Every structure is written in structure tokens, then in C-alpha cells.
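Predicted model, so just to flag it, every value in this text is computed and none were measured.
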Amino acid sequence: MSIEDTLKERITQMSADVQGGPSLQRAIQQGRTRRRRRAVARVGSGVASVCAVGVIAGAAMSGLGPFDHGDGQAPVAGGSTLAVPGDEMVGEINDAFYAELPGRVDVPRSVGRAYDQNLDPVPEPEWARAVNWDATFSLPKGERVEISVLRSESAASSAQRCREDARTSDSLHCDFSVRSDGSEVLESDRRYGNGDGRRFERQVEVRSGGQYLVRVEDVVRASTYEQAEAKWTLDLDEMSKMATDHGLLEQRPTDHR
């Protein structure tokens, strides 16, 4: 089982009985405050602010600074990396979710979490040192949406994962595509369990190179796939936009030195 799948399993087990998310609400407010400050700083200092964000993102990808300890040498390879510091990531995930959530949908519960490289939970005051983040949004009628920013250790491409997934009995469909920017996009539907306990999961996963990926999942309980399709609040386009259009990751140019 990959590190992403192990983390997903832990999150699923924990999110079923988590009540309202005070941690997520604090993270949202703190993140918005910091983003307002950064916006003001960008007006005043231009290039300096861009460089500062680049240093933070480089530290996240290389395991330096608050994320880990290293030898002070930043990586030179291209690929995606974190667009914001770790203590702001849950707030950014929240913003991405609500920006694409269609219509007036009630979200009675939400919670944010962070994990270290060993998949152990990281307390909120220390979220800057985390390497995996997740926000879970509980919608009416048992529907649950999860958005995760994960450090991936899997060498398998999205195309390979799609081929492997198609061999399992629970896979309903899996599509793989490559965007003009080189990002690999995996879209899949799966089912779990039987009878009244059956769950259907719609997933969009985006890999843009580098160490991180973004995964969006919409899970409902239903007896048939047709019923699940009627229950899903999000369509694939909305899920894809949550993953790609809201600055969770940014692309690092390749240094050809």
C-alpha cells in the first residue's frame, strides 16, 4: 500500500465521527489574514515577495526549513511544489472547495488535518512542519468530500495506476490524460462494500511532477452506481478545478545549470 493510500485510509477512518472543525476554522482565518498581509507586501515590494514565496516553496519541496532539516542546498529540478507555507495549506484547501462548490449546498461539518512524513498527526500549532494536509467536508445525506495535498513516494505514473485499477473488481472506470502543462490527471469511480453499506467514490488526482500531488474525492452511500451519480454534488470539472485552479501547488522551472 502506498503512502497516499495509507493516509487516505487513516483519514477515512477518522472523519466518520469527527464533529465540527474548529481547527479548520482557525486555519481558514489565519490563512486569510496572512494572505491579506502578503497581498499588501506584494504591492510594496514586488519581486522581493515573489522571491520569498519561492524560498518557502523550495524549503517545502526539499525538506528544509520548518519542514525538515537539510544541508541548506535547495533542489534545482523542476516539477510542482507547495505554493504556500504548511500552516496555511488547510485554509487554501478550504478556499478551493468553496470556490467551486455549486449553488447553496449546506456543509454542516468540516475538519482539517496535517501529517508528518511517518503519517503521524501533526498538532495545529505545528502544521508548518507537516508534509501531508487534508480537509474533509461533510455534506447532507452522508456525502463526504475530501481534498488532500500529499507528498507522493510512488514511482507509478497515473497511466500505470489507471491500468492497475482497471484490473480490480471495484473499479467502475478510470480515465487518464495529460494536460498541456504536462500535468497527469487521473479520474476514476470506485465502489466499496455491499448492500446498504456500499460506498461509491469519485476521484480526481493531479500530478504535476515534483514531490506533491492533489487529490479530490467525493464519497456517497448508495445501492447502485446510478443512485450514486444522482447523489454526487460535484462533477469532474469542479473537482479538477479544486485541484488545479486555486494555488495549492505551483510549478518550479527546471534549473539547467
Side-chain angles (χ1 to χ4, degrees), residues 3-39 41 49 52-70 74-75 80-99 107 109-138 144-153 205-206 208 210-217 242-243 246-250 252:
I3 190 170
E4 305 102 281
D5 292 334
T6 301
L7 179 58
K8 173 187 167 185
E9 186 176 280
R10 286 195 181 188
I11 291 169
T12 300
Q13 291 171 349
M14 296 173 65
S15 61
D17 56 0
V18 171
Q19 300 300 319
S23 294
L24 179 54
Q25 297 305 319
R26 286 196 297 272
I28 294 165
Q29 186 58 48
Q30 291 167 359
R32 287 173 178 166
T33 299
R34 291 192 182 94
R35 286 195 290 278
R36 285 196 295 269
R37 290 172 181 169
R38 287 206 306 273
S49 293
V53 172
V55 169
I56 293 171
M61 183 172 180
S62 61
L64 303 177
F67 294 85
D68 206 335
H69 298 285
S80 62
T81 188
L82 302 179
V84 296
D87 58 348
E88 297 183 24
M89 184 57 74
V90 170
E92 294 287 345
I93 291 173
N94 178 83
D95 288 350
F97 171 75
Y98 280 103
V107 184
R109 295 188 299 167
S110 59
V111 64
R113 300 186 184 89
Y115 300 82
D116 63 17
Q117 64 271 19
N118 298 317
L119 302 184
D120 293 324
V122 175
E124 184 185 346
E126 301 176 29
W127 277 2
R129 69 174 177 85
V131 295
N132 300 283
W133 299 264
D134 177 270
T136 301
F137 305 89
S138 298
R144 186 180 72 250
V145 176
E146 295 176 358
I147 306 177
S148 307
V149 177
L150 305 174
R151 188 164 72 174
S152 173
E153 295 183 355
E205 181 179 285
V206 180
S208 302
Q211 290 182 309
Y212 289 91
L213 63 85
V214 181
R215 179 181 292 164
V216 182
E217 298 167 319
M242 288 178 183
H246 297 280
L248 300 178
L249 302 181
E250 65 183 4
R252 287 174 52 88

Quiz prompt | I93 vs W133, side-chain contact (heavy atoms from CB on, under 4.5 Å): CA-CA, chis, key distance, verdict | solution = CA-CA 9 Å; I93 291 173; W133 299 264; 4.3 Å; yes
Is the closest side-chain heavy-atom distance between [X] and [Y] below 4.5 Å?
X: T136; Y: V145; value: no
X: E205; Y: L213; value: yes
X: R144; Y: F137; value: no

Rounded to the nearest 0.5 Å, how far does [atom2] of [Y] lie from [atom1] of [X]?
X: I147; Y: D134; atom1: CD1; atom2: CG; answer: 8.5 Å
X: S138; Y: E146; atom1: OG; atom2: CD; answer: 8.5 Å
X: L82; Y: E92; atom1: CG; atom2: CD; answer: 11.0 Å
X: S148; Y: Y115; atom1: OG; atom2: OH; answer: 8.5 Å
X: E124; Y: D87; atom1: CD; atom2: CG; answer: 9.5 Å
X: M242; Y: Y98; atom1: CE; atom2: OH; answer: 10.0 Å

Which heavy-atom pair separates [X] from [Y] by the least distance, and what is that distance?
X: V206; Y: A243; result: CG2-CB, 3.8 Å
X: A130; Y: A114; result: CB-CB, 3.6 Å
X: R129; Y: P123; result: NH2-CD, 4.2 Å

Quiz prompt | Stepwise side-chain contact (heavy atoms from CB on, under 4.5 Å) test for L248 and Y212 | solution = CA-CA 10 Å; L248 300 178; Y212 289 91; over 6 Å; no
Exercise. Applying side chain to side chain contact (heavy atoms under 4.5 Å, CB included) between N132 and each of V122, V149, D116, L150, report the one that passes.
Key: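 Answer to the side chain to side chain contact (heavy atoms under 4.5 Å, CB included) test with N132 among V122, V149, D116, L150: L150.
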